[in-house]
Undergrad: 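Below is the structure I would like to discuss, written out as structure tokens.
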There are 2 protein chains.
Amino acid sequence: MGKRKITSTNTVNRDYLKNECGTMYALTLLAGRWKMTILHKLSKKDLRFTEFKLCIPNISDRMLSLHLKEMEKDGLIERKLYAEVPPKVEYKLTPSTRKLISIWDRMNVWGNNHREIQENNVQR
Amino acid sequence: MGKRKITSTNTVNRDYLKNECGTMYALTLLAGRWKMTILHKLSKKDLRFTEFKLCIPNISDRMLSLHLKEMEKDGLIERKLYAEVPPKVEYKLTPSTRKLISIWDRMNVWGNNHREIQENNVQR
DNA sequence: CCCATTTCTAACAAAATTGTGAGTTGCTAA
DNA sequence: TTAGCAACTCACAATTTTGTTAGAAATGGG
């Protein structure tokens, strides 16, 4: 997400839903093409900007940068800058975000299961 | 989502991610402004088209219709048409979707917790 | 015949997200 | 002095999602 027009019906609706309940709030933070992937990679290991680009082949500089910035603002990840040249920046999960992982495990099981059901239905 | 240009980088990336893991697949199905709300309402009670419009005040006919159609295709809900005039249609969750609800409970707890952390940070 | 009801659809417009390609900064090693 | 690296940023374009307004179809009641 870039800039939003805060008076648009679209944004008004989004904000309304975001405040409705915790689930919607969470999903709002996680929406964004590469955010889940970024978090997934970070759950294995802290990563630098260029490392992300290597392990997420199709992501562009711009999207990576945008997403990282938003996720930092949203308290999902932390940014650590080392005083080196050339610059070194490392990203890591926040403690709160680590707690999401066990939930994802269940979501993963559900997703794979549902996908199988869907594929069987389509074949008929 | 309406029609997609299947050759666009955007769609190629999306499809790639959708096949990556169950979590991403699940989130792809649930993305869409009102989908979670629709499912949440259905978790309480089966609903007709006009009933949705009453309990989700800001939703437009078009978005409701689009979402319902996609969710049916995705196996998230079922559509039951009664042979009456004027027409009567009832929507309900599929058994698979019901299993999501306990996961949402945890997501809800996480979301509310995370929101609190965030609000405290902003106040500093 | 005219109207009301219910479940949508169609055409169009606005806004948001995602992608592309090039450029920036600051230092250091050759 | 030129090149190179790491981590971005910028302007612009393409694509996708969301919203608005006006209907359509089928049928029973008055």
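Worth knowing before you read on, the calculation uses all heavy atoms, side chains too, and leaves out hydrogens, waters and symmetry mates. Lettering follows sequence order; numbering is per chain, from 1.
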Undergrad: Whole angstroms only, please: what is the CD1-P distance between A/I6 and C/dA16?
TA: 10 Å

Undergrad: Quickly work out the A/L29 CG to C/dT17 P distance and round it to whole Å.
TA: 13 Å

Undergrad: I'd like to know if B/V12 and B/L27 are part of one continuous hydrophobic network [Ile/Leu/Val/Met/Phe/Trp/Tyr, side-chain heavy atoms within less than 4.5 Å].
TA: no

Undergrad: Atom OH of A/Y82 to atom C1' of D/dC8: distance rounded to whole Å?
TA: 18 Å

Undergrad: What residue pairs, at least two apart or across chains, pass ring-ring contact (aromatic ring centres under 6.0 Å, His included) with a residue in residues 78-113 of chain B?
TA: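 Every ring-ring contact (aromatic ring centres under 6.0 Å, His included) pair that includes a residue of residues 78-113 of chain B, provided the two are not neighbours, is B/W110-B/H114.
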
Undergrad: Let me spell it out: for each of B/T7 and A/T9, pick the nucleotide of DNA chain D with the closest heavy atom. Which residue's pick is nearer the 5' end?
TA: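 First, find each residue's nearest nucleotide; the 5'-ward one identifies B/T7.
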
Undergrad: May I ask you to decide whether A/K41 forms a salt bridge with A/E51, counting only side-chain N to carboxylate O separations under 4.0 Å?
TA: no

Undergrad: Between B/E70 and B/K35, is the salt bridge (charged side-chain N to carboxylate O under 4.0 Å, His left out) condition met? List the steps.
TA: CA-CA 10 Å; B/E70 282 194 357; B/K35 285 190 181 172; 2.8 Å; yes

Undergrad: Starting at CE of A/M63 and ending at P of D/dC12, how long is that distance when rounded to a whole Å?
TA: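 In whole Å, D/dC12 P and A/M63 CE are 19 Å from each other.
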
Undergrad: Rounding to a whole Å, what distance do you find between A/K3:NZ and D/dA11:C1'?
TA: 10 Å

Undergrad: Using heavy atoms to find the nearest nucleotide of DNA chain C for A/K5 and A/N58 separately, return the residue whose nucleotide is more 5′.
TA: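 Its nearest nucleotide being more 5', the pick is A/K5.
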
Undergrad: Among B/T50, B/I38, B/I56, which residue meets the side chain to side chain contact (heavy atoms under 4.5 Å, CB included) test with B/L64?
TA: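 Looking at B/T50, B/I38, B/I56, the match for B/L64 under the side chain to side chain contact (heavy atoms under 4.5 Å, CB included) is B/I38.
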
Undergrad: When you compare the side chains of A/R106 and B/S102, does any donor N or O come within less than 3.5 Å of an acceptor on the partner?
TA: yes

Undergrad: Just N and O in the side chain of A/W34: are any of them under 4.0 Å from OP1 or OP2 of C/dT17?
TA: no

Undergrad: Looking at D/dG19, I'd like to know if its phosphate oxygens (OP1 or OP2) sit under 4.0 Å from a side-chain N or O belonging to A/N13.
TA: yes

Undergrad: I need the CZ-C1' distance between A/R33 and C/dT17, as an integer number of Å.
TA: 8 Å

Undergrad: Please report the shortest heavy-atom distance between B/R98 and B/S43, naming the atom on each side.
TA: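 Reported closest heavy-atom pair: NH1-O, 4.2 Å.
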
Undergrad: Is any side-chain N or O of A/S8 closer than 4.0 Å to OP1 or OP2 of D/dG19?
TA: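 Answer no for this pair, as no side-chain N or O of A/S8 is under 4.0 Å from OP1 or OP2.
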
Undergrad: Let me know the distance between CZ of B/R14 and C1' of D/dT15, rounded to the nearest Å.
TA: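 It is 12 Å, rounded to the nearest whole Å.
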
Undergrad: What integer distance in Å separates A/R4:CZ from C/dA15:P?
TA: 12 Å

Undergrad: Classify every nucleotide of nucleotides 4-12 of chain C by which part a protein heavy atom approaches to under 4.0 Å, writing B for the base, S for the sugar-phosphate alone and - for neither, in 5'-to-3' order.
TA: -BBSBB-B-

Undergrad: Tell me what B/S60 touches on the nucleic acid: a base, only sugar-phosphate, or nothing, going by heavy atoms under 4.0 Å.
TA: base

